[in-house]
Amino acid sequence: MTRPYNFSAGPAAIPEEVLQQAAAEMLDWHGSGMSVMEMSHRGKEFIAICEQAEADLRELLAVPPEFKILFMQGGGLGENAIVPLNLSRAGTVDFVVTGSWSQKSRKEAGKYATEVHTAASGEASSFTTLPDPSTWQLSRGASYVHICSNETIHGVEFQQLPDLKALGSDAPLVIDFSSHVASRPVDWSRVGLAFGGAQKNLGPAGVTLVVVREDLIGHALPICPSAFDYKNVADADSRYNTPPTWGIYIAGLTFQWLKRQREGKFTGIAAIEARNIAKSTLLYDFIDQSGFYVNKVAMNARSRMNIPFLLADDELNDAFLAGAKERGLLQLKGHKSVGGMRASLYNAMPMAGVQALVAYMREFERQRA
Ligand SMILES: *Cc1c(COP(=O)(O)O)cnc(C)c1O
């Protein structure tokens, strides 16, 4: 039986091999007599799972030794508070607003930072473009600069992280990479902290990944909850309090799946990136040549992961979604703030799923246009 293709923006599709392995190990993990969900987070079995997950992720994403990898809870929105609680040092923080998620992050930071400064915004273009870094008005002495490196709702993605030093800023760059983590390499030389919820590209909801440079740890505001102080979490190897054990385990299986990926001469993240480029190119090229579908995002800002598109007539949206569901193409409805459709092509979406979507879109256009 082949499963339907799930285009959800999150929680999203998980590789079938990962689900199968989790099912096989559900009642008895490696002869321990326990499900991972039943293990002590301080027992040797879970510690081995956690350490392996961290090591695999470090290898996959080439995370340098001066960065800590933390598995936390609270999701992306939790980090919108946890980052300023740990990094703002009661100073000014800079935001580059490129869509709904960075907007939300900016608002939340206002509760904890003394001053929140908008260095640039793509709002004038309805978030269909990314403001060029050379135009950013960065503050002098900012505690950090926040960007959302892939805007899940508006479908805009930084194809290159900004080099803040070259822009005259010494501030660390904070990236919310929730919806494209592990879809492409990360240039860690430009990053101070990266955070992301797992439910887009890494596993189930409930675990939040934080990769943070060591020198940024240990400066939390006094009001920072102890369980969210990066120093406590780092010193306890992500086991300061009970971590999301099941989520870390599934993320770990996903990291192993990623390490096994091959695409031509590429392996691991390079392989998945090549596949993500091919998948998104197929869909964008089809949309662009069609007279019926449209994606309004500027070419150089288009996301490989989240592709919003409109039909020529909104009245046809329900029929489009119903026909898609009949063909096993699930969760294509766009976010209510932008309307239309959205196809999320995360790592777990195979090329065959995108081909099936394009075939359906072509057929629908032929019938309805
Ligand atoms: C999904 C998402 C979030 C929100 O994560 P939660 O886990 O729901 O808090 C934050 N940022 C981005 C870019 C996202 O895609």
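Every number for a ligand or one of its atoms is a count from 1 in the order of the listing. Heavy atoms only: backbone and side chains are in, while hydrogens, waters and symmetry mates are out. Index from 1, following the sequence.
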Under 3.5 Å, sequence neighbours excluded: what are the donor-acceptor pairs made by side chains of residues 206-229?
{"from": "Thr208", "atom 1": "OG1", "to": "Gly75", "atom 2": "N", "distance (Å)": "2.8"}
{"from": "Arg213", "atom 1": "NE", "to": "Asp215", "atom 2": "OD1", "distance (Å)": "2.7"}
{"from": "Arg213", "atom 1": "NH2", "to": "Asp215", "atom 2": "OD2", "distance (Å)": "3.1"}
{"from": "His219", "atom 1": "NE2", "to": "Arg89", "atom 2": "NH2", "distance (Å)": "3.4"}
{"from": "His219", "atom 1": "NE2", "to": "Asp215", "atom 2": "O", "distance (Å)": "3.1"}
{"from": "Asp229", "atom 1": "OD1", "to": "Lys231", "atom 2": "N", "distance (Å)": "2.8"}

Start with the C-alpha gap between Asn276 and Tyr346, add the side-chain angles, then the distance that decides, and say whether side-chain hydrogen bond (donor to acceptor under 3.5 Å, both in side chains) holds. CA-CA 8 Å; Asn276 288 332; Tyr346 295 123; over 6 Å; no
Verdict with reasoning, Asn347 to Ser183, per side-chain hydrogen bond (donor to acceptor under 3.5 Å, both in side chains): CA-CA 6 Å; Asn347 291 344; Ser183 71; 5.2 Å; no
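Val354 and Leu283 get closest at one heavy-atom pair: CG1-CB, 4.2 Å.
Sequence neighbours left out, the pairs with a member in residues 111-131 that pass ring-ring contact (aromatic ring centres under 6.0 Å, His included) are Phe127-His154.
Listed by chain and residue number, the protein contacts of ligand 1 are Gly75, Gly76, Leu77, Trp101, Cys148, Asn150, Thr152, Asp176, Ser178, Ser179, Gln199, Lys200 (heavy atom within 4.0 angstrom).
Under the rule for a salt bridge (Lys or Arg N to Asp or Glu O under 4.0 Å), Arg362 has no partner lying at least two apart in sequence or in another chain.
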